[in-house]
Amino acid sequence: MNSTELLNWYDLHARELPWRVSPAARVAGQLPDPYRIWLSEIMLQQTTVAAVKAYFLKFTAAWPTVVDLAAAEDADVMAAWAGLGYYARARNLLKCARVIVAEHGGQFPANRAALQNLPGIGPYTSAAIAAIAFDHAETVVDGNVERVMARLFDLHAPLPQAKGALTSYAASLTPPARPGDYAQAVMDLGATICTPKSPRCALCPWHDICAARKAGTAAELPKKLPKVKKPTRFGTAYVARRSDGAVLLEQRPERGLLGGMLGWPGSEWRETPLDAIPPIQADWVEAPGEVRHTFTHFHLRLRVMVAQVDAPQTNQTFTAAENFRPADLPTVMRKIWSMAEAET
DNA sequence: TACGCGTGGCC
DNA sequence: TGGCCAAGCGT
């Protein structure tokens, strides 16, 4: 049984994580709170454990149950998520919590199909919740599992086309006993031993059965299609401040980049710079330097314009100083604020 | 199906 | 500095 070797390794080497029930406690019959597993899995989508930990603790302290979260103000949840990225996750998190309360009596459904109908829960997350929170024998396939399977079976077909084959391999190994621990074990293995670069094969519980290790190809798998080069876009951001500390912020549209988050007014971000139009008339001063930021699919360079605005600006809504926390902004907007602060 | 969607650490 | 990578999902 190949899964047994991995579970034995996991019993000794499982990482302690705020949302995890230890393998010893699980074997004794304890299962984790589905709400905490769901929350952690949403946060962990394309995001490292190191980045998630503090956010997970903040969220569970503020909203200990899904009922609490469902009752939260949208703006409070978006502010708490600020800095973690992929903000559609936060919008879907709230939608999902409210569906759980309105349509499922505040309880997460225990089967994968029902889970996958919920906002923000796709093939990976539905399997992860079913396996980890309910001990269903579902096959969890994330980036770690893809890498481990590609190496275990020495599969050289490139991702993403190879995903189907890798999923079949993973399913063939999923055991009927302790499927939740098994799912977490494969992911822990990928995160700590079977790493993307310099895999530590000597420490691997699957050392003896791994085809890529035998072939000497582990480090070059999985193959991936070459990525397209990121273009650079340019733009201008405006930071207007009143002497009472109020600032001119706006909420971005619900959809698209940084959707639903707070941000500074400014130009669109284009590969060919546009003439920027200030949000209000003022003596704008350009801060020295530029803000640089990289999103998933483009680099961004921003000019930052700063103005002190104390004449009445009747049709603009300023955010009062006591309601303005830079930590509530997405990272690129925090960078703009930092540059504006240094200027004044 | 392919693309849009954040951020921080590492090398 | 810049590319790669991380417990993917929605459209």
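A, B, ... follow the sequence lines: proteins, then strands. Residue 1 opens every chain.
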A.B. asks: Which residue pairs pass the salt bridge (charged side-chain N to carboxylate O under 4.0 Å, His left out) test with at least one member in residues 194-216 of chain A, sequence neighbours excluded?
C.D. replies: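 Non-adjacent pairs meeting salt bridge (charged side-chain N to carboxylate O under 4.0 Å, His left out): zero.
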A.B. asks: Look at all strands and tell whether A:Ile42 reaches a base, only sugar-phosphate, or nothing, counting heavy atoms closer than 4.0 Å.
C.D. replies: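 Nothing, no nucleic acid heavy atom in range.
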A.B. asks: Using the heavy-atom set of chain A and a strict 4.0 Å cut-off, write down the first and last nucleotide of DNA chain B that makes it in, 5' to 3'.
C.D. replies: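 It runs B:dG4 to B:dG8.
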A.B. asks: What do the steps show when you test A:Arg292 against A:Glu290 for salt bridge (charged side-chain N to carboxylate O under 4.0 Å, His left out), and what is the final call?
C.D. replies: CA-CA 6 Å; A:Arg292 290 189 177 211; A:Glu290 64 181 358; 3.0 Å; yes
A.B. asks: For nucleotides 4-11 of chain C, just jot down a letter per nucleotide in 5' to 3' order: B, S or -, based on protein non-hydrogen atoms under 4.0 Å.
C.D. replies: -SBBBSSS
A.B. asks: For the pair A:Lys224 (side chain) and A:Pro160 (backbone), establish whether a donor and an acceptor sit closer than 3.5 Å, ignoring hydrogens and angles.
C.D. replies: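 No; judged by distance alone, with no hydrogens or angles, the pair does not exist.
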A.B. asks: Which pairs of donor and acceptor atoms, one on a side chain in residues 177-188 of chain A, lie under 3.5 Å apart (sequence neighbours left out)?
C.D. replies:
unit_1   : atom_1 : unit_2   : atom_2 : d
A:Arg178 : NE     : A:Asp181 : OD2    : 3.2
A:Arg178 : NH1    : A:Asp11  : OD1    : 3.4
A:Arg178 : NH1    : A:Asp11  : OD2    : 3.3
A:Arg178 : NH2    : A:Asp11  : OD1    : 2.7
A:Arg178 : NH2    : A:Asp181 : OD2    : 2.7
A:Asp181 : OD1    : A:Arg26  : NE     : 3.1
A:Gln184 : OE1    : A:Arg20  : NE     : 3.0
A:Gln184 : NE2    : A:Gly180 : O      : 3.3
A:Asp188 : OD1    : A:Arg15  : NE     : 3.4
A:Asp188 : OD1    : A:Arg15  : NH2    : 3.2
A:Asp188 : OD1    : A:Arg20  : NH2    : 3.1
A:Asp188 : OD2    : A:Arg15  : N      : 3.2
A:Asp188 : OD2    : A:Arg20  : NH1    : 2.8

A.B. asks: For a quick check under 3.5 Å, do A:Lys335 and A:His293 share a side-chain donor-acceptor pair by atom type?
C.D. replies: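 Side chains of A:Lys335 and A:His293: pair found under 3.5 Å.
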A.B. asks: May I ask you to decide if the ring planes of A:Phe324 and A:Trp337 are parallel, tilted or perpendicular, using 30° and 60° as cut-offs?
C.D. replies: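 Plane angle over 60°, so perpendicular.
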A.B. asks: Ignoring backbone atoms, test whether A:His299 places a side-chain nitrogen or oxygen under 4.0 Å from the OP1 or OP2 oxygen of C:dG3.
C.D. replies: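 So the side chain of A:His299 is within the cut-off, an N or O lying under 4.0 Å from OP1 or OP2 of C:dG3.
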A.B. asks: Take atom C1' in C:dG8 and the same atom in B:dT1, then report the distance between them in whole Å.
C.D. replies: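 So the two C1' atoms sit 16 Å from each other.
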A.B. asks: Rounding to the closest angstrom, what is the interatomic distance between B:dC3 and C:dA7 at atom P?
C.D. replies: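 Per the computed distance, 23 Å lies between those P atoms.
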A.B. asks: What does A:Val332 touch in the nucleic acid at a heavy-atom separation under 4.0 angstrom: a base, only the sugar-phosphate, or nothing?
C.D. replies: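 Sugar-phosphate: the residue A:Val332, judged by heavy atoms under 4.0 Å, touches backbone atoms but no base.
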A.B. asks: Assert yes or no for the condition that the ring centre distance of A:Phe298 to A:Phe295 is strictly below 6.0 Å.
C.D. replies: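 Between A:Phe295 and A:Phe298, which both carry aromatic rings, the centre distance is below 6.0 Å.
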A.B. asks: How would DNA chain C look in dot-bracket form, 5' to 3', counting Watson-Crick and G-U wobble pairs with both distances under 3.5 Å and writing | for bases paired to another strand?
C.D. replies: .|||||.||||
A.B. asks: Answer with yes or no after comparing the ring centroid distance for A:Trp19 and A:Tyr35 against a 6.0 Å cut-off, counting only values under it.
C.D. replies: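 No.
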A.B. asks: I'd like to know whether A:Trp264 forms a side-chain contact (heavy atoms from CB on, under 4.5 Å) with A:Val247, so could you lay out the CA-CA distance, the side-chain angles of the two residues, the decisive distance to 0.1 Å, and finally the verdict.
C.D. replies: CA-CA 9 Å; A:Trp264 307 104; A:Val247 295; 3.9 Å; yes
A.B. asks: Quick check on the 6.0 Å ring-centre criterion: do A:Trp206 and A:Trp9 meet it?
C.D. replies: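 Not under 6.0 Å, so no.
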A.B. asks: Verify the ring-centre separation between A:Tyr238 and A:Trp284: is it less than 6.0 angstrom?
C.D. replies: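 Centroid separation for A:Trp284 and A:Tyr238: below 6.0 Å.
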A.B. asks: Measure centre to centre between the rings of A:Trp38 and A:Phe108, then say whether the value is under 6.0 Å.
C.D. replies: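 Here the rings of A:Phe108 and A:Trp38 have centres that are less than 6.0 Å from each other.
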A.B. asks: Evaluate whether atom CD of A:Gln161 has more than 12 neighbouring non-hydrogen atoms of other residues, nucleotides or ligands under 6.0 angstrom away.
C.D. replies: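 Counting neighbours around CD of A:Gln161, more than 12 heavy atoms of other residues, nucleotides or ligands fall under 6.0 Å, so yes.
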A.B. asks: Can you sort out which residues in residues 149-164 of chain A have a heavy atom within less than 4.0 Å of DNA chain C? Ascending by number, please.
C.D. replies: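 Those residues: none at all.
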A.B. asks: Work out how far the P atom of C:dC9 is from that of B:dG8, and round it to whole angstrom.
C.D. replies: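 Nearest-Å result for C:dC9 against B:dG8 at atom P: 22 Å.
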